[in-house]
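Presented below is the structure to which this report refers.
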There are 2 protein chains.
Amino acid sequence: MIQSANHQQLKLYLKKFAIEDVFPSKLIGDLSLCYYEQGEHLCMQGDNACELFIIVKGKVKVFTTSSEGNTLILSFKTPLELIGDIEYVQKIDIINTVEAVSPLTVVRIPYKALRAHCENHPPFLKFMLGIITQKFYVKSDFLSFNLMHSVDVRLASYLLSHSFDEQHSLVTGIHSTESLKDAANLIGTSYRHLNRVLLKFIQEGLVERNSKSIVIKDWQGLKNIAGHSLYEK
Amino acid sequence: MIQSANHQQLKLYLKKFAIEDVFPSKLIGDLSLCYYEQGEHLCMQGDNACELFIIVKGKVKVFTTSSEGNTLILSFKTPLELIGDIEYVQKIDIINTVEAVSPLTVVRIPYKALRAHCENHPPFLKFMLGIITQKFYVKSDFLSFNLMHSVDVRLASYLLSHSFDEQHSLVTGIHSTESLKDAANLIGTSYRHLNRVLLKFIQEGLVERNSKSIVIKDWQGLKNIAGHSLYEK
DNA sequence: GAGATTTCAGGACATATGTCCTTTTCAAAT
DNA sequence: ATTTGAAAAGGACATATGTCCTGAAATCTC
């Protein structure tokens, strides 16, 4: 992780997301801009929480590891999103591990500064409320979706929503290796089973697979399986 | 539903939960106390949202119905809890249906009054943040738990946590009829399968079943299956 | 470039879970 | 008490999913 002293850049980001007024001016000096490389961890499950992160560029995955050693990905997050918000309010340890899955830029703010200057600052409180209620809504949807639908449906939905990712459009490049494992962990199934369902999709002509990627051939067909596509956000 | 004009009683509730200072005094007149009978609905999925409810006595179940007609119970809620908070912040329609499962007392506040007087009122914003982050945390846990564990584990956990409910202590009375169906819908499985697992528990001597209730015989045995008991809150 | 090593896809089997239907239980009505 | 109908429990079967393992493919090392 590299910490930047470039306050100009930081302010550009705040402006980009229209959150300049969220923090009182006396707190601006406590903000810093940080860059993480792919694979680096922002925080680890169980650690003491002491800073709030605002994701302003790149993508992270949020996951938890059970006592049995299983990994479950709870979500992928892209700007504008907060890490450490729940922990700040509830005053608890880090709940989930967060890892950069692309080069990442975040604004970092120590809890200490927040408690000193934002505890009763309505713009900040409203900002937090907006983000957290959104998160809750998405999570609630995600829960229902997972509990009510089979892996087929979930995978179809996953493929659809992750094809619109930053990079390509229709010709999606979902890397076989890591990201398929991630997909399994996000969907909440085993890698083995995901492969099985994928094979079925291939046999049905819905997708094609080559050594490096998975390509969607029949958009509508997948949509019919997915019903209402989730995992979108 | 019966609306009460008893402002004295209302204030007692606010005091009981130490939330007298959450609302500015000019808004107090907009609060009202409402009583619901078991089975009544506070709000229905898809309806226009216009009031915030604070549950101060009794218990509700929050559930959603899929387009295929399946019901999934997302949670049971007891005081102190909010209904309509996400909708208020996000300005969206009612997400889930909420039904009283016991005689219920709530404090009702029209959104209109909140927007007029609480939009920038830090005590209110902080109150909302506290409740919503808590909800998020519980839901996140619930999601992981459901996605990572089998129905056996989930049922064991359910039985354990729902035995400490208001009424009895060890000798739990989980009514066979409705509440077993509710259990299935909460766990996210079919009634059929829940019955199957229950039978297994009975054969293993973990629980006993008579015409009206299910009694836990082997507390520790269930705990061993459940691992860390969820569904607690 | 050939062997060694890791990674990945798929086979075989066991188990978990869903669906549909039949049997059983319980309680209301007569 | 008998009948009758609703509700709950369980049987049978099909399908979904997990686990373990093997063979194939890719990558690395020298």
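Residue numbers begin at 1 in each chain, while the letters A, B, ... track the order of the sequences. What you see below is based on every heavy atom in this structure, not just the backbone, and it leaves out hydrogens, waters and symmetry mates.
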* So, is the end of the Lys59(B) side chain (NZ or CZ) under 6.0 Å from the ring centre of Phe76(B) and within 45° of the ring's axis? -> yes

* Figure out the NE2/P separation between His193(A) and dT17(C), and round it to whole Å. => 13 Å

* Rounding to a whole Å, what distance do you find between His149(A):NE2 and dT15(D):C1'? -> 17 Å

* Structure fact -> Against the side chain of Val151(A), the closest entry in dG10(C), dT17(D), dG10(D) is dT17(D)

* Take atom CD of Glu68(B) and atom P of dT19(C), then tell me their distance rounded to the nearest Å. => 10 Å

* To do: Apply side-chain hydrogen bond (donor to acceptor under 3.5 Å, both in side chains) to Gln90(A) and Thr133(B), showing your working.
  => CA-CA 7 Å; Gln90(A) 291 288 323; Thr133(B) 50; 2.7 Å; yes

* **Thr189(B) side chain near dG18(C) phosphate (N/O to OP1/OP2, under 4.0 Å)** => yes

* Asked: Out of dG10(C), dT17(D), dG10(D), which has the shortest distance to the side chain of Leu199(A)?
  -> dG10(C)

* Report the distance from atom NZ of Lys181(A) to atom P of dT6(C), rounded to the nearest whole Å. => 14 Å

* Examine the base of dG11(D) for any acceptor or donor lying under 3.5 Å from a partner atom in the side chain of Arg192(B), and report the outcome as yes or no. => yes

* Asked: To the nearest angstrom, how far is Lys200(B) atom NZ from dT17(C) atom P?
  -> 9 Å

* Asked: Can you find a heavy atom in the side chain of Met128(B) that is under 4.5 Å from one in the side chain of Leu82(B)?
  -> yes

* Distance check: side-chain N/O of Arg209(B) vs OP1/OP2 of dG10(D), anything under 4.0 Å? -> yes

* Structure fact -> In whole angstroms, the gap separating P of dT19(D) from CG of Asn70(A) amounts to 7 Å

* Structure fact -> Atom CG of Leu194(A) and atom C1' of dA16(D) are separated, to the nearest Å, by 14 Å

* Does NZ or CZ of Lys57(A) fall inside the cone over Tyr13(A)'s six-membered ring, less than 6.0 Å from its centre and within 45° of the axis? -> no

* Round to a whole Å and report the spacing from CG of Asp152(B) to C1' of dG18(D). => 14 Å

* **Minimum-distance nucleotide to Ser190(A) side chain [options: dA16(C), dG10(C), dT19(D)]** => dT19(D)

* Do Arg196(B) and dG11(D) share a donor-acceptor pair, side chain to base, under 3.5 Å? -> no

* Given side chains that start at C-beta, do those of Leu74(B) and Thr64(B) come closer than 4.5 Å, heavy atoms only? -> yes

